[in-house]
There are 2 protein chains.
Amino acid sequence: MRIRKELLKGSTAIMILKIISKEDAYGYQITQELYADSGETFKLNEGTLYPILHTLEKDGLIKSYSKISEQGRLRKYYSITPLGRVNLAAQIEEWRVFSRAVDAILKEN
Amino acid sequence: MRIRKELLKGSTAIMILKIISKEDAYGYQITQELYADSGETFKLNEGTLYPILHTLEKDGLIKSYSKISEQGRLRKYYSITPLGRVNLAAQIEEWRVFSRAVDAILKEN
DNA sequence: TTTAGATACATCGTAAATCTATGTATATAG
DNA sequence: CTATATACATAGATTTACGATGTATCTAAA
């Protein structure tokens, strides 16, 4: 099922942060993991991904370093900061409250 | 907990449609029900509500009629159309797929 | 009596998030 | 050699919600 982009708004950054929190990751890898781990539901555009990564770094939630892969390609890896972990936990709690409230409304009859 | 407005994007119209599907409702009433049924989580602004109602009506998902209340106040009631019911069912299913996918990402470790 | 707050509808301008499109560049498979 | 995947980046357009503002009535308190 294709998900309207509007539904995604607000939750994309949390998911990116969560993926980086598991292990350092580079941009392209993040889109692949997000696609696989969501059961092929989320196909992240590059025009969405990179600006979010830049914002997260500017806000001090992640930091980056460059590394050359075995294939000789330059990759920009991101790792989560302590501040990022605190922020992630808060955002996950917020998501839980939000999604439970929506469920409550949609379940009502 | 205050929910960032960004999280709301895309799900507000579904919830409004769901409330109207239960019984005909007018604008102010919808904000009250949404607030109560969500456990005081969703406080809908008028600048959000009325444009959405107008769009839903323009799209043929709801229709309106005016009625005077016992207090002598004019109210604009909305009722869901058959097309609105079909659309609501599809959007609820979409929400389920979406929220399960986000849960899957955030649960991963 | 006047004033504040709740009820009731509406629109305008702004901000935020994502998308599409575009650009650059390299590696790999057919 | 050509298409696809990998890899990063930005600009402009679209969508959605918000805050501010406007109009108007009813009710309760000061």
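Source: prediction; values computed, not measured. Order of the sequence lines fixes the chain letters, A, B, ..., with proteins taken first and strands second; residue numbering starts at 1 for each chain.
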Colleague: Mind calculating the distance between CG (B:Leu49) and P (D:dT16) to the nearest angstrom?
Modeller: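 Atom CG in B:Leu49 sits about 15 Å away from atom P in D:dT16.
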Colleague: Judged by each residue's nearest nucleotide on DNA chain D, which is more toward the 5′ side, A:Arg75 or B:Gly72?
Modeller: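 Looking at the nearest nucleotide for each, A:Arg75 comes out on the 5' side.
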Colleague: Find the distance B:Leu44:CG to D:dA17:P and express it as a whole number of Å.
Modeller: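 Distance, rounded to whole Å: 9 Å.
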Colleague: How long is the straight-line distance from CG of A:Leu61 back to CG of A:Leu17, given to the nearest 0.5 Å?
Modeller: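 Nearest 0.5 Å value for the CG-CG distance: 6.0 Å.
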Colleague: Using whole Å, what does the distance between atom P of nucleotide C:dT11 and atom NZ of B:Lys58 come to?
Modeller: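 That distance rounds to 13 Å.
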Colleague: Roughly how many Å is it from CZ in B:Phe98 to C1' in C:dT18, rounded to a whole number?
Modeller: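 Taking CZ of B:Phe98 and C1' of C:dT18, I get 13 Å after rounding.
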Colleague: Tell me the interatomic distance from B:Leu53, atom CG, to D:dT16, atom C1', rounded to whole angstroms.
Modeller: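 My rounded result for the distance is 15 Å.
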Colleague: Between A:Gly47 and A:Gln71, which is nearer to the 5' end of DNA chain D once each is assigned its nearest nucleotide?
Modeller: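 Nearest-nucleotide comparison on DNA chain D picks A:Gln71.
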Colleague: Between B:Glu46 and A:Pro51, which has a closest nucleotide on DNA chain C that is more 5'?
Modeller: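 Residue closer to the 5' terminus by nearest nucleotide: B:Glu46.
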Colleague: Just N and O in the side chain of A:Thr12: are any of them under 4.0 Å from OP1 or OP2 of C:dT18?
Modeller: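 True: A:Thr12 side-chain N/O within range (under 4.0 Å) of C:dT18 OP1/OP2.
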Colleague: If I take atom CG in residue B:Asn45 and atom C1' in nucleotide D:dT21, what distance separates them, rounded to the nearest angstrom?
Modeller: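 So the two atoms are 13 Å apart, to the nearest Å.
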Colleague: When the ring planes of B:Tyr65 and B:Tyr77 are compared, do they come out parallel, tilted or perpendicular, using 30° and 60° as the limits?
Modeller: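 Ring orientation, 0 to 90° scale: parallel.
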Colleague: Regarding A:Ile52, tell me which of base, sugar-phosphate or nothing describes its non-hydrogen contacts under 4.0 Å with the strands shown.
Modeller: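 Sugar-phosphate: the residue A:Ile52, judged by heavy atoms under 4.0 Å, touches backbone atoms but no base.
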Colleague: To the nearest Å, how far apart are B:Tyr65 OH and C:dA8 P?
Modeller: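 Answer to the nearest Å: 14 Å.
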Colleague: Within this structure, what is the CD1-CG distance for the pair A:Ile16 and A:Leu44, rounded to the nearest 0.5 Å?
Modeller: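 Here the rounded value is 5.0 Å.
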Colleague: Could you check which of D:dC8, C:dC9, C:dT18 has an atom nearest any side-chain atom of B:Lys76?
Modeller: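 Nucleotide nearest to B:Lys76's side chain: C:dC9.
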Colleague: So if I take every side-chain heavy atom of B:Arg73 and compare against C:dT11, D:dC8, D:dC26, which nucleotide ends up nearest?
Modeller: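 Nearest nucleotide to the side chain: D:dC26.
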Colleague: Can you tell me if the side-chain N/O atoms of A:His54 get under 4.0 Å from OP1 or OP2 in D:dC8?
Modeller: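 For D:dC8, neither OP1 nor OP2 has a side-chain N or O of A:His54 closer than 4.0 Å.
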Colleague: Among the candidates C:dA10, D:dA9, D:dA17, find the nucleotide nearest to the side-chain atoms of A:Tyr78.
Modeller: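 Nucleotide nearest to A:Tyr78's side chain: D:dA9.
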Colleague: Salt bridge between A:Asp37 and B:Lys107, side-chain N to carboxylate O under 4.0 Å?
Modeller: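 No.
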Colleague: Check the phosphate of C:dA8 against B:Tyr26, side-chain N and O only, distance under 4.0 Å to OP1 or OP2. Yes or no?
Modeller: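 B:Tyr26 to C:dA8 OP1/OP2: side-chain N or O found under 4.0 Å.
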Colleague: Nearest to the side chain of A:Tyr50, which nucleotide is it out of C:dT11, D:dA17, D:dC8?
Modeller: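 Of all the options, the side chain of A:Tyr50 is nearest to D:dC8.
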Colleague: Can you tell me how far apart NZ (A:Lys18) and CD1 (B:Ile105) are? Round to the nearest 0.5 Å.
Modeller: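 Taking NZ in A:Lys18 and CD1 in B:Ile105, the distance rounds to 10.0 Å.
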Colleague: Just how far, in rounded Å, is C1' of D:dC8 from CD of A:Gln32?
Modeller: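 Roughly 14 Å, once rounded to whole Å.
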